[in-house]
Amino acid sequence: MKSLFCSELSKAALLIVPLALCLSGSTAAQAGDKNPLFAEAVRPGNWNDHTESKQGYLKVYSASDEVRDGDTRYFPHSSYIIYTTDGKLFKNIENHRSGDDEIPELVSLPVGSYRVVARSLRGGYVRILVVIKKDQKTVLDLDLWETMT
């Protein structure tokens, strides 16, 4: 009987303690607050101020790889790497969500210039300079690019 009581008490404690911590741990953030847990939590200014959204988008149609699932074949796009213009690794992009996903990933990037290293179908690995502009989508189709040059 005593161990049953201790077991039930332990279960209750495991439920009550996290709830109490969640409810008692509330904190308010103020504009200009230097608390690292609330960086940029509250901004002074106007709700219509969109200066923080200096983002653009990139979609790369890289070479696709054949993936078989029984009798079904899929052709997901190959991964690629984004570097800053000074040669530092910025991001590695898988370029598909799963083995049967044939749509290249739409990547959000800060506005600026980047070097993309990707595999094209006919030309192997290529390096291309891309410029990302605010609220615009840059589409890089490597096989179309090869036929034009």
Side-chain angles (χ1 to χ4, degrees), residues 10-149:
S10 296
K11 288 179 185 176
L14 287 173
L15 294 173
I16 293 173
V17 170
L19 180 63
L21 289 173
C22 287
L23 295 176
S24 66
S26 61
T27 306
Q30 297 179 359
D33 192 359
K34 299 298 183 195
N35 185 340
L37 295 176
F38 295 100
E40 306 291 325
V42 177
R43 290 179 188 235
N46 176 336
W47 282 101
N48 295 324
D49 185 16
H50 294 288
T51 56
E52 70 274 355
S53 77
K54 293 183 180 176
Q55 298 283 313
Y57 304 94
L58 176 65
K59 184 177 265 195
V60 177
Y61 286 87
S62 58
S64 56
D65 297 314
E66 182 179 350
V67 174
R68 291 181 178 260
D69 184 8
D71 291 338
T72 308
R73 298 181 331 171
Y74 299 101
F75 297 92
H77 289 275
S78 57
S79 60
Y80 63 93
I81 302 172
I82 301 172
Y83 293 95
T84 59
T85 53
D86 60 353
K88 294 180 184 171
L89 174 66
F90 185 77
K91 209 173 211 182
N92 190 354
I93 307 299
E94 190 68 26
N95 213 18
H96 55 271
R97 297 183 195 279
S98 63
D100 62 350
D101 182 15
E102 297 179 338
I103 300 171
E105 188 175 344
L106 183 64
V107 179
S108 176
L109 294 169
V111 170
S113 297
Y114 300 91
R115 289 209 184 274
V116 172
V117 177
R119 187 168 52 90
S120 68
L121 191 59
R122 291 180 296 266
Y125 283 93
V126 295
R127 285 192 166 132
I128 300 174
L129 181 66
V130 295
V131 177
I132 303 300
K133 296 182 179 178
K134 181 181 176 187
D135 297 329
Q136 291 185 9
K137 180 168 66 171
T138 301
V139 177
L140 186 57
D141 189 333
L142 300 177
D143 294 321
L144 177 65
W145 175 77
E146 286 180 356
T147 59
M148 294 172 59
T149 59

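The basis for the numbers below is simple: all heavy atoms, side chains too, and nothing from hydrogens, waters or symmetry mates.
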(request) Say whether Ser108 and Gln55, considering side chains only, have a donor N or O and an acceptor N or O under 3.5 Å apart. (result) yes
(message) Nearest 0.5 Å, please: how far is OG in Ser120 from CD1 in Ile128?
(response) 8.0 Å
(message) Would you compute the distance between atom OH of Tyr80 and atom CG of Leu142 and round it to the nearest 0.5 angstrom?
(response)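 The distance works out to 10.0 Å.
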Is there a side-chain contact between [X] and [Y] (heavy atoms, below 4.5 Å)?
| X | Y | result |
| --- | --- | --- |
| Lys137 | Leu106 | yes |
| Ile82 | Leu58 | yes |
| Val116 | Ile81 | no |
| Val67 | Pro76 | yes |
| Arg119 | Asp65 | yes |
| Tyr61 | Leu140 | no |
| Tyr74 | Asp69 | yes |

Keeping [X] on the side-chain end and [Y] on the backbone end, is there a donor-acceptor pair under 3.5 Å?
| X | Y | value |
| --- | --- | --- |
| His77 | Ser62 | yes |
| Glu102 | Phe75 | yes |
| Thr85 | Ser113 | no |
| Asn95 | Pro104 | no |
| Thr84 | Leu89 | no |

(request) Could I get the full list of salt bridge (charged side-chain N to carboxylate O under 4.0 Å, His left out) partners for Arg115, not counting sequence neighbours? (result) none
(message) I'd like to know whether Glu105 forms a side chain to side chain contact (heavy atoms under 4.5 Å, CB included) with Val60, so could you lay out the CA-CA distance, the side-chain angles of the two residues, the decisive distance to 0.1 Å, and finally the verdict.
(response) CA-CA 8 Å; Glu105 188 175 344; Val60 177; over 6 Å; no
(message) Checking Arg97 now: which residues fulfil side-chain hydrogen bond (donor to acceptor under 3.5 Å, both in side chains) with it, not counting sequence neighbours?
(response) none
(message) Are there over 12 heavy-atom neighbours, none belonging to Asp71, within less than 6.0 Å of that residue's CG?
(response) no
(message) Quick check: closest heavy atoms across Val111 and Lys133, and the distance to 0.1 Å?
(response)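 So the minimum-distance heavy-atom pair works out to CG2-C, 4.0 Å.
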(request) For residues Tyr114 and Tyr83, establish whether the separation of their ring centroids is below 6.0 Å. (result) no
